[in-house]
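Proteins come first, then strands; the chains are lettered A, B, ... in the order of their sequence lines, and each starts at number 1.
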Number of protein chains: 2
Amino acid sequence: MNNYIERDIPEYIEGYGSVVPFNGAYQNSIVKRKTSVKESSVGPEDKKILESIDEALDKVDIKDGMTISFHHHLRNGDKVFNMVLEKIAERGIKDLTVAASAIFPVHAPLVEYIKKGIVTNIIASYISGPVAKCISQGGLKNPAIMQTHGGRGRAIESGDVKIDVAFIAAPTSDDYGNINGLNGKSACGALGYAIADAEYADKVIAITDTIVPYPNCPIEISQIYVDYVVVVDSIGDPEGIVSGTTKITKDPVGLKIAKMAAGVMEASGLIKDGMSFQTGAGGISLAVAQELKDIMIRDNIKGSFASGGITGYIVDMFKEGLFQYLFDVQCFDLKAVESYSTSHKHQRMSASMYGNPHNKGAVVNKLDIVILGATEIDTNFNVNVTTASDGTIMGGSGGHSDTAAGAKLTIIVSNLMKARLPLIRDKITTVNTPGETIDVLVTERGIAINPRRQDLIEKLKGTNLPIMTIEKLKEICEELTGKPKDIELKEDIVAVVEYRDGTVIDVIRKS
Amino acid sequence: MNNYIERDIPEYIEGYGSVVPFNGAYQNSIVKRKTSVKESSVGPEDKKILESIDEALDKVDIKDGMTISFHHHLRNGDKVFNMVLEKIAERGIKDLTVAASAIFPVHAPLVEYIKKGIVTNIIASYISGPVAKCISQGGLKNPAIMQTHGGRGRAIESGDVKIDVAFIAAPTSDDYGNINGLNGKSACGALGYAIADAEYADKVIAITDTIVPYPNCPIEISQIYVDYVVVVDSIGDPEGIVSGTTKITKDPVGLKIAKMAAGVMEASGLIKDGMSFQTGAGGISLAVAQELKDIMIRDNIKGSFASGGITGYIVDMFKEGLFQYLFDVQCFDLKAVESYSTSHKHQRMSASMYGNPHNKGAVVNKLDIVILGATEIDTNFNVNVTTASDGTIMGGSGGHSDTAAGAKLTIIVSNLMKARLPLIRDKITTVNTPGETIDVLVTERGIAINPRRQDLIEKLKGTNLPIMTIEKLKEICEELTGKPKDIELKEDIVAVVEYRDGTVIDVIRKS
């Protein structure tokens, strides 16, 4: 069958189950009750500190077929995931589902566990590196499930993903499981992606390398959710924890795109007192933030909040009073960590509060402008940030679809050529974000506005910005790159791409 | 049947149901799964601000038999409870259950609604004033249910109390339902008692008199839990919000008791670096805090945390570095509100985090010493703070049973005579806190130690404190007051006293 955006999806997928097809960004077809969580009673005499991960695995009675979860705040410096999987593997456990908020190159040992049938299901919002390659080549027994950040919160809260044991890498913890990410040798700041895991897993194990006296204030994850605490030598490598990508681009083409995007934002009328803004940590996105900063200072504009993964650039704008508040789901650098630990106005949010479409209103709903990237975009403005143009998984939506659905103005900024391949295509390899939630595409050669946004087209008419149809922009793109060859993918489905509401927006086939 | 502490309780109570008898403070006989909560989807276009309480009642489709909830952070200055009930009463709704964290004299209009059958069930942790009198006299159709603060959190989380609509008095809210109690004309500080209501009610309505720009940081109750926001002229009377009882006693007898209690604490060995402490806001309890303060300064002791409802006296100790952290479920005065709003180390806790025995470890479990009061105590150390000696309801456990069960050392401080009646009796009117969780009784004429605590008896032998058996203390007491007459109560059960784990520890009969 074809879903709402004409992607060909089976009604039933082996190893996934029945498909609820994507039916439009605001249909919310499957709102349900939240799942019920097992109560546990910890009395005054009970201790939570355990000697080792092995002891914790005994305590939670780890067994075949369980779902275990991890968060990715330590990014490519994370050691906890591998440490836990190694101990589980030694036990001959089979058929685990790994629900990780993201999987990075550092998690390469997982490939071995996949091959051995120890891990047969993977659910994540972003997958890159050897695990992504392994999945793309059909190495995983069942299709991986790709979710958005908000969609992961939704899935965990609704019980679509029922976590048996959550392992929480804790930069600091006290002996009763109060956790924060502010301090310790593996400090990473806000722990927004781990909240649903802590709240909805039946068992929660904190793994820390920095035990602090009780109580570990400010408390990000409370003792009332944590069963056990295990102290290890090191949970992470600081080099890998702080993201390396948070630098403004120096490429003149990128800077040109950023300036054009700023022009669109200005013309939209949304740059005004009380505005809210989010941008990614990519080089062009950060350049857009820089442009916005200049405009806000020039026009003396005081914004309301900036949100997302927070970078030092955004903290600077916050400190200069351009934004009064920050909503932070993860800190990208030490400047963000420092700000988060010192100001009440730098507010932590959970992934669910950030982008879950089935709670009582996520922060993305309050966003005026979001700046996003794209690997590919089709002429209906559907976007792919999940697979490379050869079909290999190399990322995932993360908060892409969530913010696009929520924001009043969603702008994609991108070079027309990506690794010598065309950005704009008739049909893209994978869709993770539907075109109905994308308003504008800004490239170095021109700007295309989604025809659904006639209001924006009107507003931009009076400017000297190079507005054109996306079809025209595709032509220019193909003049540069040539027409892309159709890629040959096999029939086998290696991953299912869920939209934030849990419907299936696309599938990824074996490459 | 008789329960574990020999209270005579029916197996089935009309209007309450089957009784699970109290079976010991640490048996936790009925740990279950948490209840599942209805998901709601609020999209980018949806607004939450409504024109009036009436519009909110329409939106949530209020109807016969529903359970509605309120919190008591505005104490005897609360206007929200009456405002909402008045509007509901106008609709001819019947058979409501009111789950209020506490009911004060200001809630007197409820008596009328009880008489009319609009409200037929009441669940609360503390009831005083005309409503208490009405219940005691058999005015309520079904028995009221008295819970502890932690027990209320447990009941709501487990679904024993399933709230259809929670009404949250919000000192400040933004248009998306982010709430805090720090500011506004009805500022009351931490909103710990409202958290379970927000998280577990199917519908949540914030009622505020101070709407602030989005986002209302720091956020105490998140937008993800709030369906609607109603703005009214005033939610509270500041005179009634700040408690009037938080003054150290000037009575020499009270001060003597406090000094003796301090002697017990010293002898126990628990006054040392890293200690934790809680005391109530009563005059003698605060005098004990003052004694402790002097000892800590004298011996240069740095405590870990103080917890509970926080008063200015405790804030002073925090600011002087005697405690490094405060765990705050409610602020008793403006000094506490101010401290809470300025320090990360003054940490909010929910009622569940405070005292729920069925989460993964409440803060009370980490308490070293708690100082509590008593209206009556029996020779098994069972305590009553719920009814007067004539059987009339005039209070309730609140956090009494929770802290007593958690703390390493639970000390009751009280005059031997209470309104010319004896404190110590063979059989007390009502038991809310079981004797097995009480360690010491300190009165002006002597100190009794629970025989379960032979370790303490040993430690106190070497002191010059007037240690004696509780039987001996009862004799002294009766010399002062005479032997109390048995009171005549009718058979009808007007209230059921639940222990924190949901078992029935006692019943209250019509007076």
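Residue B/D174 holds its CG atom at 6.5 Å from NZ of A/K366, rounded to the nearest 0.5 Å. A distance of 4.5 Å separates CD1 in B/I224 from OG in A/S352, rounded to the nearest 0.5 Å.
Contact record, A/H344 with B/P218: CD2-CB, 3.8 Å, taken as the closest heavy-atom pair. Residues B/V42 and A/N365 come closest through the heavy atom pair O-ND2, 2.8 Å.
Within the 4.5 angstrom heavy-atom criterion, only side-chain atoms of B/N178, from C-beta onward, approach chain A. At a 4.5 Å heavy-atom cutoff, B/S276 makes no contact with chain A through either its backbone or its side chain.
With a 6.0 Å radius and a threshold of 12 heavy atoms from other residues, nucleotides or ligands, B/K319 has its NZ atom above the threshold. Atom NZ of A/K162 is surrounded by more than 12 heavy atoms from other residues, nucleotides or ligands within 6.0 Å.
For the options B/V226, B/V204, B/D46, B/I219, heavy-atom pairs under 4.5 Å to chain A are most numerous at B/I219. Looking only at heavy-atom pairs under 4.5 Å with chain B, the residue among A/Q223, A/K345, A/E45, A/K48 that has the most is A/Q223. Ranking A/V363, A/V364, A/T342 against chain B, the residue ahead of the rest is A/V363, based on heavy-atom pairs under 4.5 Å. For the set A/A407, A/A362, A/S350, A/G177, the count of heavy-atom pairs under 4.5 angstrom toward chain B peaks at A/A362. Between chain A and the residues B/P215, B/G406, B/S158, B/P213, the most heavy-atom pairs under 4.5 angstrom are made by B/P215.
B/S41 places a side-chain N or O within 3.5 Å of a backbone atom of A/P357 that can act as its donor or acceptor partner.
Taking the six-membered ring wherever Trp is involved, the centroid distance between the rings of A/Y214 and B/Y325 does not fall below 6.0 Å.
Remark: A/K360 is not positioned above the aromatic ring of B/Y225, lacking an NZ or CZ atom under 6.0 angstrom from the ring centre and at most 45 degrees off the axis.
Within the 4.5 Å cutoff, the side chain of B/F305 has no heavy atoms near those of the A/C217 side chain.
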